[in-house]
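Just so it is clear: chains get the letters A, B, ... in the order the sequence lines come, proteins before strands, and each one is counted from 1.
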Amino acid sequence: MFYFEPAGIRIFMRYSQTLIPTVKEIPADAEIVSHQLMIRAGLMRKLASGTYIYLPAGQRMMAKVMNIVRQEMNATGAQEIIMPVVQPMELWQRTGRDIDYGETLGKFIDRHGRGNVLSPTAEEGFTYLAATEINSYKQLPMNLYQINTKYRDEFRPRFGVLRSREFMMKDAYSFHADDASLHKTYMDMYNAYCRVFERCGLEYVIVQAESGEMGGSQSHQFTVPCESGEDVIVYTDDNKLAWNIEKAPVDAPAKQPAVKAGKPELFHTPGAGKIEDVCAFMKVEPAQLIKTLIYKSGDDIILVLLRGDHEANPEKLARLMAGAHTEMADEATIVALTGAAVGFAGPVGLCDKAAKVFVDHSVAAMAVGATGANKTDYHLINVVPGRDFPLEGANVQVVDIRNAVEGDTYEGKKLLFKRGIEVGQVFKLGTKYSAKLGAKFLDAAGKQKECLMGCYGIGINRIIASAIEIGHDENGMILPITIAPWEVIVTPAGMEPEVMAAAEKIYSQLEAEGVETLLDDRDARGGVKFKDADLLGIPVRITVGKKTLAEGNVEFKLRTDKDRTILPLATAAKQAAQTVRDIKAKLNK
RNA sequence: CGGGGAAUAGCUCAGCUUGGCUAGAGCGCCUGGUUUGGGACCAGGAGGCCGCAGGUUCGAAUCCUGUUUCCCCGACCA
């Protein structure tokens with residue numbers, strides 16, 4: 001495959017003149033390994049909660065990841081542009097996202113009283129551009145992207161760079177005349193993303209994701225499995241299918257054998273509005289309770305019935321509601337509807353009052369259960385689904401509306417769970433933005449149509465953090481060579497003139513070979529240099545020592561290996577350069 | 001935004017309960033010396049408005065009130 005030299009990456013660097021402030025102690029506010037190591041290895045420093053200064057080593061890693069992304073995007077024919085980070089509020093009002101995005105949207109008013117948005121993503125800007133510049137089907141398809149700072153005013157930044165307020169994202173937006181074209185670009189992006197993550201040395205899983213957008217959409221998420229990930233991915237035990245937890249479907253459980261149950265009876269549960277409290281009163285398990293969640297969609301009441309041990313899945317609800325906006329009902333609505341305090345709602349006698357009732361199929365499968373009695377401080381026992389409340393009817397549906405849990409199956413296959421870091425996502429957007437911002441074109445028949453759109457994101461900082469999460473040991477980072485800050489570190493162990501001279505020689509030979517090299521020319525003991533080299537995770541180390549040098553040799557060591565090998569001084573640089581190329585070729589193939 | 005915790009040297013933290021010597025340690029930093037292959041040693045040194053603002057007191061890092069910032073759990077979110 002091809003060798004590339006990232007634009008703007010300096011090859012030749014001396015440790016003594018570079019700001020690489022490594023620290024021995026684990027920073028107090030860093031919880032996860034990647035955050036700790038990014039601080040300890042001197043990649044970055046915190047400026048404020050959720051914002052980080054990238055120091056030279058960190059900046060190099062960012063630049064290298066961005067270059068890989070850029071190359072793979074360009075290879076698909078996508079065009080790079082630069083979009084302002086500060087954007088007019090008016091544009092966001094036109095799509096309604098000034099409201100929909102909520103508090104996470106960073107805003108400020110300038111001296112002229114104009115509202116401005118700090119771009120958390122850029123559908124508006126790119127669609128605005130398409131609306132003004134695309135007129136004809138002959139210009140389509142078009143795929144535009146940028147690699148730029150994004151800002152989100154997170155309620156709670158955490159995990160270092162994984163959930164920060166300011167971060168670097170590659171975001172692409174494609175425009176199409178028809179579905180086939182959208183699908184082709186979607187798949188081009190999908191495949192380009194595979195190459196990006198492979199070249200970055202990441203192990204990743206592609207999962208089907210909820211798009212959260214309307215209109216026949218499709219979405220995949222690229223996730224790096226690791227413990228500190230915030231996303232939960234669900235996959236079948238044959239490894240054939242994987243989803244984000246928001247999307248993972250579950251089989252309907254087998255109907256429990258019918259039991260003889262008397263009529264529903266009131267059971268006094270004073271103050272027990274929560275599942276655990278009710279269970280304590282009744283001495284039953286949460287799985288024997290039926291909980292009733294009350295949502296509103298406009299003026300309509302939506303009931304969702306779930307087993308006590310299950311959780312509602314808002315994405316599945318949204319899909320069942322065909323995209324109509326729904327929200328949890330407020331206390332006043334619940335009290336008015338049920339005639340009881342919050343926590344005592346139940347389906348018996350309530351289903352007729354709702355526009356829609358969604359019964360999770362694990363509730364439908366229950367033989368008998370306990371529910372709220374629609375009377376403060378009381379629950380009902382001996383409630384039989386289908387007898388005491390309907391399982392069918394004009395407004396009643398038995399559906400899959402909950403999150404998958406341990407023990408669930410899909411198509412008979414066991415579902416397994418893993419945590420992961422989302423590093424990329426591809427979406428089909430449909431015409432949501434093009435319709436609102438007037439991105440239209442004339443087709444071959446002269447008919448005006450709205451552009452179909454796709455959007456595609458990659459979290460640059462998250463690639464670095466996840467590479468560290470999956471690549472480290474007790475001594476520090478173990479980085480893929482394609483994103484490591486340097487490919488080789490030359491470590492003179494000792495300050496004798498002949499040792500330094502040999503190190504300098506290898507260093508300049510590596511430069512001639514085009515290898516990104518850091519020369520540790522500090523006046524420090526060997527141990528200090530070895531520790532920092534390991535902490536920085538530089539894949540290849542060449543050590544020049546007095547004893548081996550006396551025999552005309554130097555040492556060669558890979559960060560991934562325990563052992564060192566001896567190479568002749570004369571050919572060491574050439575051999576190291578070849579090794580570097582070989583390792584890179586494996587990742588870049 | 002709810003709940004919990006923290007703020008003292010560049011970093012990690014003691015001291016606060018029970019107010020009172022010149023506010024401490026380790027690491028890091030500077031100077032000199034001895035060292036030089038896995039975070040060396042000795043000697044000397046620099047560095048603090050004890051987050052900020054009020055209050056109580058003869059006296060506050062320490063007690064009280066307010067405020068800001070940071071961290072954790074939850075909710076929310078890519």
Side-chain angles (χ1 to χ4, degrees), chain A residues 21-32 35-36 39-42 45-51 100-106 119-123 150-171 209-213 219 221-224 229-231 244 246 311 314-315 327-328 420-427 455-463 465-466 474-476 491-496 499-500 503 520 522-536 541-549 554-555 557 562 564:
Chain A
T22 58
V23 287
K24 275 191 261 189
E25 273 163 312
I26 298 173
D29 54 6
E31 280 278 299
I32 61 170
H35 187 191
Q36 293 171 354
I39 301 292
R40 286 229 294 136
R45 287 292 185 264
K46 184 168 75 179
L47 179 64
S49 179
T51 57
D100 291 351
Y101 222 94
E103 295 293 305
T104 307
L105 189 65
S119 175
T121 168
E123 282 78 5
K150 299 293 180 299
Y151 186 87
R152 295 184 189 174
D153 191 358
E154 292 288 349
F155 281 124
R156 185 174 164 210
R158 60 180 140 175
F159 301 137
V161 125
L162 285 186
R163 174 157 251 83
S164 50
R165 291 194 299 177
E166 193 175 303
F167 57 100
M168 193 64 72
M169 182 163 101
K170 186 285 301 179
D171 47 329
E210 199 44 70
S211 62
E213 305 289 345
S219 178
Q221 244 173 42
F222 293 75
T223 305
V224 177
E230 285 191 275
D231 281 39
N244 186 293
E246 293 168 350
E311 278 176 18
E315 307 294 336
E327 57 187 3
M328 292 294 285
I421 297 170
E422 183 198 337
V423 289
Q425 187 161 10
V426 292
F427 291 91
C455 77
Y456 320 92
I458 290 182
I460 306 292
N461 324 251
R462 281 186 174 184
I463 288 180
S466 53
E474 65 281 5
N475 293 317
T491 307
M495 295 303 287
E496 294 83 0
V499 168
M500 282 309 297
D520 196 346
R522 292 175 298 172
D523 180 10
R525 299 167 69 88
V528 172
K529 297 184 181 184
F530 297 143
K531 289 286 183 194
D532 280 339
D534 286 350
L535 193 51
L536 277 162
R541 190 179 83 203
I542 295 176
T543 308
V544 183
K546 202 173 160 187
K547 266 189 218 158
T548 39
L549 186 62
V554 296
E555 283 169 28
K557 182 181 174 299
K562 273 257 173 308
R564 314 158 198 189

Chemist: What string of B, S and - do you get for nucleotides 5-12 of chain B, 5' to 3', if B is base contact, S is sugar-phosphate-only contact and - is no contact with any protein heavy atom under 4.0 Å?
Modeler: ------BS
Chemist: Sticking with atom P, work out how far B/G28 lies from B/A43, rounded to a whole angstrom.
Modeler: 15 Å
Chemist: Is A/K24 close enough to B/G28 that one of its side-chain N or O atoms is under 4.0 Å from OP1 or OP2 there?
Modeler: yes
Chemist: Can you check the distance between B/A9 and B/C27, where both ends of the measurement are the C1' atom (answer in whole Å)?
Modeler: 12 Å
Chemist: Does A/K531 make a side-chain N or O approach to OP1 or OP2 of B/G37 shorter than 4.0 Å?
Modeler: no
Chemist: Taking OP1 and OP2 of B/C41, is either one under 4.0 Å from a side-chain nitrogen or oxygen of A/R525?
Modeler: no
Chemist: Do A/T104 and A/E154 pair up side chain to side chain, a donor and an acceptor below 3.5 Å, judged on atom types alone?
Modeler: no
Chemist: Measure from CD on A/E555 to P on B/G38 and round the result to the nearest Å.
Modeler: 11 Å
Chemist: Expressed in whole Å, how much space separates the P atoms belonging to B/U67 and B/G59?
Modeler: 26 Å
Chemist: Look through every strand shown and name the nucleotide pairing with B/G39 as Watson-Crick or G-U wobble, where both distances are under 3.5 Å.
Modeler: none
Chemist: Check the pair A/T22, A/D532 against side chain to side chain donor-acceptor pair (under 3.5 Å), reporting the backbone distance first and the verdict last.
Modeler: CA-CA 7 Å; A/T22 58; A/D532 280 339; 2.9 Å; yes
Chemist: Taking the six-membered ring for Trp, does A/F167 stack with B/A78 (centroid gap under 5.5 Å, planes within less than 30°)?
Modeler: yes
Chemist: Write down the partner of B/A53 under the Watson-Crick or G-U wobble criteria, each distance required to be under 3.5 Å.
Modeler: B/U65
Chemist: Strictly below 4.0 Å: does A/T22 bring a side-chain N or O up to OP1 or OP2 of B/G39?
Modeler: no
Chemist: Given 3.5 Å as the limit, does a donor-acceptor pair link the side chain of A/R462 with the main chain of A/V161, or not?
Modeler: no
